[in-house]
Amino acid sequence: MVGDAGAARKGRSHVSHDAGEDHRDLGRERVRAQNDVAAAVPLPASLPRTVLASELRPYRDHVDADELHAAAVRAGLVGVGVDEVLVASGVLDDETATRLLARDLGLPVGAPNLANLPDDPAMAEAVLRTGTLMLGAGSGRPRFVMAARGRIVRRLRRGLKRDAGLASRVELISPAALARRVDAVCAPSFAAAATARLVLSDPLKSASTLRPGRIVGLAAAAIGLPLALLLALAPEMGLLAVQAALSLVFLAWIALRFAGCLYAPPEEPVPALDARSLPVYSLLVPLYHETASLPLLVAALSALDYPPEKLDIKLVVEADDHATRAAIAALELPPHMAEVVIAPVGPRTKPKALEAALPFARGSIVAIYDAEDLPEPDQLRRAVAAFHAGGAKVGCVQARLCIDNGGDSWISAQFAAEYAGQFDVLLPALSALGLPIPLGGTSNHFRRRVLDQVGGWDPYNVTEDADLGIRLARAGWQTRVISSTTFEEAPVTRRAWIGQRTRWLKGWAQTLLVHGRRPRALVRDLGRGGTLALVLLTAGPYAAALVHPLCLALFIADIVRGVAGLPCTHMAEVVTSALTYTTLIAGYAGAAATMTVGLGRRGMRPGWRTIVGIPFYWLLLSVAAWRAVIELIRRPYHWQKTEHGAAHRGGGGGLRSSASAPPQPRPEGVWS
């Protein structure tokens with residue numbers, strides 16, 4: 001089944017659970033190595049000596065002098081506080097650093113009474129963003145509980161010098177402890193606000209206001225009844241009309257993919273950004289029943305080449321997912337990783353979880369990763385470079401996704417080839433043309449303010465990524481595709497694949513229906529070309545799924561009747577045969593071309609079983625499409641979870657860097 005891929009996988013550096021344990025320490029080892037070098041470097045001149053001395057003073061009796069010197073040097077190089085370096089490197093834990101700082105400032109270490117935390121989600125988010133909780137003033141001046149780190153500590157010192165009475169009204173708390181307390185109290189409020197946010201701000205852009213059953217009924221009345229009458233009165237003409245309509249969309253979709261094959265992405269320069277200029281980066285990682293994937297995920301995230309002092313990773317988990325929460329608790333997470341617990345309020349979907357966790361993200365850029373993701377270490381730096389190069393109108397950067405277990409089964413091989421065509425052929429071409437991009441569900445990097453502006457994720461859309469990509473385009477924001485890769489796991493069974501593809505097709509239908517219910521506004525926002533691209537990208541898969549069995553059945557019927565290839569007797573037969581053969585040939589050729597070009601850009605080639613299996617893969621797509629139509633009517637918001645952790649993965653891909661476009665390939669192999 002796997003051809004050369006089996007040998008290729010044996011040659012890869014597997015990341016077992018033991019290896020994952022080693023890679024979890026990569027971030028801290030990197031900082032320690034930098035500290036060893038920094039110990040011989042003069043103290044930075046970026047801060048006045050008095051400020052630097054005051055930052056070092058709380059820790060002199062508890063931290064080795066060389067380590068403290070190295071932390072001061074690194075703080076100057078990265079543009080953060082000395083305390084942030086000490087915590088990120090593991091020299092001090094969060095609680096100890098807070099206790100030492102409080103003693104130096106003459107402040108108590110406290111904890112806000114749970115009753116004092118604001119119930120309003122906007123106010124609670126403000127507490128998280130500022131690290132400051134203002135308590136009731138009563139008869140006097142207000143009191144504060146502060147989670148002070150870095151620059152906030154400097155401002156606090158100045159405030160204490162100016163106002164001698166301020167010390168009696170301030171208590172300190174560690175940032176991690178404040179976040180845990182806010183989560184414990186405000187999780188239901190955050191979940192409720194996440195559920196209602198888009199519905200309240202722009203109800204016609206939320207899938208929750210769709211009535212799919214009514215839409216399908218109206219479509220059946222407006223299209224189905226006349227079509228049924230035509231089929232009854234003139235069966236050949238009716239069948240021809242159906243086939244022509246579906247084939248037109250399908251062939252236009254295939255033409256778009258052929259066009260992508262002709263576009264060669266230009267090389268990207270290696271990012272040359274100094275650590276001081278890098279922004280704080282938040283990663284949201286939604287998890288649900290993901291104990292098997294967790295060790296490898298934490299290993300890959302720990303290996304990211306980004307200053308840990310500016311990295312903010314949130315493992316987003318449902319409150320009732322006790323197994324995953326226990327697995328997280330058993331891991332020794334680095335200081336920049338933390339759990340965010342989502343309350344069971346509203347739809348139980350990934351976008352609801354992301355939206356509810358967003359208030360805990362402190363970065364100006366927010367990226368999404370899934371449980372099975374292995375991003376290349378330099379991906380965050382490449383995304384920052386893409387934002388800088390693209391200018392102020394770039395609101396999102398999409399990394400490329402690549403399947404790394406394509407040799408596990410026939411279905412995973414087809415999936416891997418399909419993904420190569422999507423992310424290495426089609427999406428780079430769409431990005432270059434400035435067309436709307438239906439985002440992949442992971443490895444999208446957003447400007448935080450842009451997420452807030454467009455209303456975040458729709459909790460009711462089961463392909464929230466595609467919907468958000470369209471809403472970004474409608475609001476005037478551009479999306480760039482970069483060459484950095486995230487390696488993912490494909491389903492290894494047909495049952496798992498059909499379940500996942502059913503959800504995707506249902507979500508694409510939701511997206512098309514949501515944005516298509518005001519056609520004039522859609523054309524005004526996207527333009528004619530963008531609107532056409534949206535229709536092709538969302539309706540194209542449906543047209544492929546619906547027209548393929550019809551054309552295949554007509555072709556087989558011609559073979560059975562012995563008339564395949566013979567001259568036609570009248571015009572209807574001529575047109576029907578032309579559509580049938582053109583659609584089959586163009587469809588298969590388009591799929592083969594995109595997968596061959598996509599895999600070729602990764603140093604691989606499709607095996608003969610993958611090419612020959614295209615018709616059977618498309619028949620499975622038809623099954624998923626009809627299931628999606630039924631679910632759209634019966635269970636429009638049902639989220640079918642894709643199970644992870646069943647694949648045999650060559651984990652080395654998530655632990656190396658790519659240099660330029662096209663993406664650096666895994667070892668050569670054949671997905672057969």
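The chain is numbered in sequence order, starting from 1.
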query: Counting N and O atoms only, with roles assigned by atom type, does the side chain of R276 sit under 3.5 Å from a partner on the main chain of G76, one being a donor and the other an acceptor?
result: yes
task: Look only at the side chain of E355 and the backbone of G456, and say whether a donor-acceptor pair between them is shorter than 3.5 Å.
output: no
message: Counting C-beta onward and ignoring hydrogens, is there a side-chain heavy-atom pair between L283 and L304 closer than 4.5 Å?
response: yes
Minimal non-hydrogen separation, R151 against G79, with atom names: NH2-O, 3.3 Å
message: Under a 3.5 Å threshold, yes or no: a donor from one side chain and an acceptor from the other, between R602 and T485?
response: yes
- request: Evaluate the side-chain proximity of L358 to D452: yes if any heavy-atom separation is below 4.5 Å, no if none is.
  value: yes
query: Quick one: do D312 and R448 make a salt bridge, cutoff under 4.0 Å?
result: no
field: Which residues share a side-chain hydrogen bond (donor to acceptor under 3.5 Å, both in side chains) with T486, sequence neighbours left out
entry: Q379, S443
- prompt: Heavy-atom distance under 4.5 Å between the side chains of F446 and L468, does that happen here?
  reply: yes
query: How about P541 and W253: do any of their side-chain heavy atoms sit closer than 4.5 Å?
result: yes
field: side-chain contact (heavy atoms from CB on, under 4.5 Å) between V340 and F190, worked out
entry: CA-CA 11 Å; V340 174; F190 283 138; over 6 Å; no
Donor-acceptor contact present, side-chain D83 to main-chain G150, <3.5 Å: yes
field: L426 to L537 - nearest heavy-atom pair and separation
entry: CD2-CD2, 3.9 Å
query: Got a second to check how far L101's CG is from L156's CG, nearest 0.5 Å?
result: 7.5 Å
- prompt: Does T132 reach the main-chain N or O of M146 with its side chain, forming a donor-acceptor pair under 3.5 Å?
  reply: no
query: Residues in side-chain contact (heavy atoms from CB on, under 4.5 Å) with A533, at least two apart?
result: L435, P436
- prompt: For the atom pair CG (L599) and OG1 (T594), what is the distance rounded to the nearest 0.5 Å?
  reply: 9.5 Å
task: Measure from the side-chain N and O atoms of E290 to the backbone N and O of D370, and report whether any donor-acceptor pair falls under 3.5 Å.
output: no
- prompt: Between A356 and A191, what is the shortest heavy-atom contact and its length?
  reply: CB-CA, 4.0 Å
field: D305 and R382 ion-paired at < 4.0 Å
entry: no
- request: Work out which heavy atom in G441 is nearest to a heavy atom in I368; give both atom names and the distance.
  value: O-CG2, 4.1 Å
- request: Taking all heavy atoms of D373 and all of L297, pick out the closest pair and write down the distance.
  value: O-CD1, 3.9 Å
- request: State which residues pass salt bridge (Lys or Arg N to Asp or Glu O under 4.0 Å) with E84; sequence neighbours excluded, sorted by chain then number.
  value: none
- request: Any pair with a residue in residues 461-470 that passes side-chain hydrogen bond (donor to acceptor under 3.5 Å, both in side chains), sequence neighbours left out, goes on the list, sorted by first then second residue, please.
  value: N461-T463, N461-T511, D467-R471, D467-H515
message: Nearest 0.5 Å, please: how far is OG1 in T479 from CD1 in I470?
response: 9.0 Å
- line: Sequence neighbours excluded, the answer for salt bridge (Lys or Arg N to Asp or Glu O under 4.0 Å) partners of R180 is E95
- request: Please tell me if the side chains of L472 and L439 come closer than 4.5 Å, counting only heavy atoms from C-beta onward.
  value: yes
field: Partner residues of L273 under the side-chain contact (heavy atoms from CB on, under 4.5 Å) criterion, sequence neighbours left out
entry: S277, L278, V384, A385, H388
query: Who are the side-chain hydrogen bond (donor to acceptor under 3.5 Å, both in side chains) partners of R149, not counting sequence neighbours?
result: D94, T98
task: Show your working on side-chain contact (heavy atoms from CB on, under 4.5 Å) between Y59 and V91 and close with a plain yes or no.
output: CA-CA 11 Å; Y59 316 108; V91 174; over 6 Å; no
query: Would you say R518's side chain and L204's backbone share a donor-acceptor pair under 3.5 angstrom?
result: no
task: Not counting sequence neighbours, which residues clear side-chain contact (heavy atoms from CB on, under 4.5 Å) with E339? List them please.
output: V317, R325, I328, V341
task: Would you confirm whether R362, through its side chain, and V280, through its main-chain N or O, come within 3.5 Å as a donor-acceptor pair?
output: no
- prompt: Does T349 have any side-chain contact (heavy atoms from CB on, under 4.5 Å) partners at least two apart in sequence or in another chain, and if so, which?
  reply: P347, P351, K352, P459, W639
Residues that Y419 engages under ring pair (Phe, Tyr, Trp, His ring centres under 6.0 Å), provided they are two or more places apart: F415, F423
statement: By salt bridge (Lys or Arg N to Asp or Glu O under 4.0 Å), D458 pairs with (sequence neighbours left out) none
task: Give, for atom CZ of R601 and atom OG of S483, the distance between the pair rounded to the nearest 0.5 Å.
output: 12.0 Å
query: What residues, two or more places apart in sequence or in another chain, satisfy side-chain hydrogen bond (donor to acceptor under 3.5 Å, both in side chains) together with Y281?
result: H445
message: Nearest 0.5 Å, please: how far is NZ in K350 from CG in L287?
response: 10.5 Å
query: What closest approach, in Å, do V394 and R447 show between heavy atoms, and which atom pair accounts for it?
result: O-NE, 2.7 Å
task: Apply side-chain contact (heavy atoms from CB on, under 4.5 Å) to R400 and D424, showing your working.
output: CA-CA 7 Å; R400 303 186 194 185; D424 291 302; 3.3 Å; yes
query: Got K310 and V80 here, is their nearest side-chain heavy-atom distance under 4.5 Å?
result: yes
- request: Dump the intermediate steps for side-chain contact (heavy atoms from CB on, under 4.5 Å) on E268 and S484, then the final yes or no.
  value: CA-CA 10 Å; E268 297 172 7; S484 181; over 6 Å; no
- prompt: Should E376 and F487 count as side-chain neighbours, where that means a heavy-atom distance under 4.5 Å?
  reply: yes
field: Validation row: Y263, V425 side chains within 4.5 angstrom (heavy atoms)
entry: no
message: Rounded to the nearest 0.5 Å, what separates atom OG1 in T130 from atom CD in E125?
response: 10.5 Å
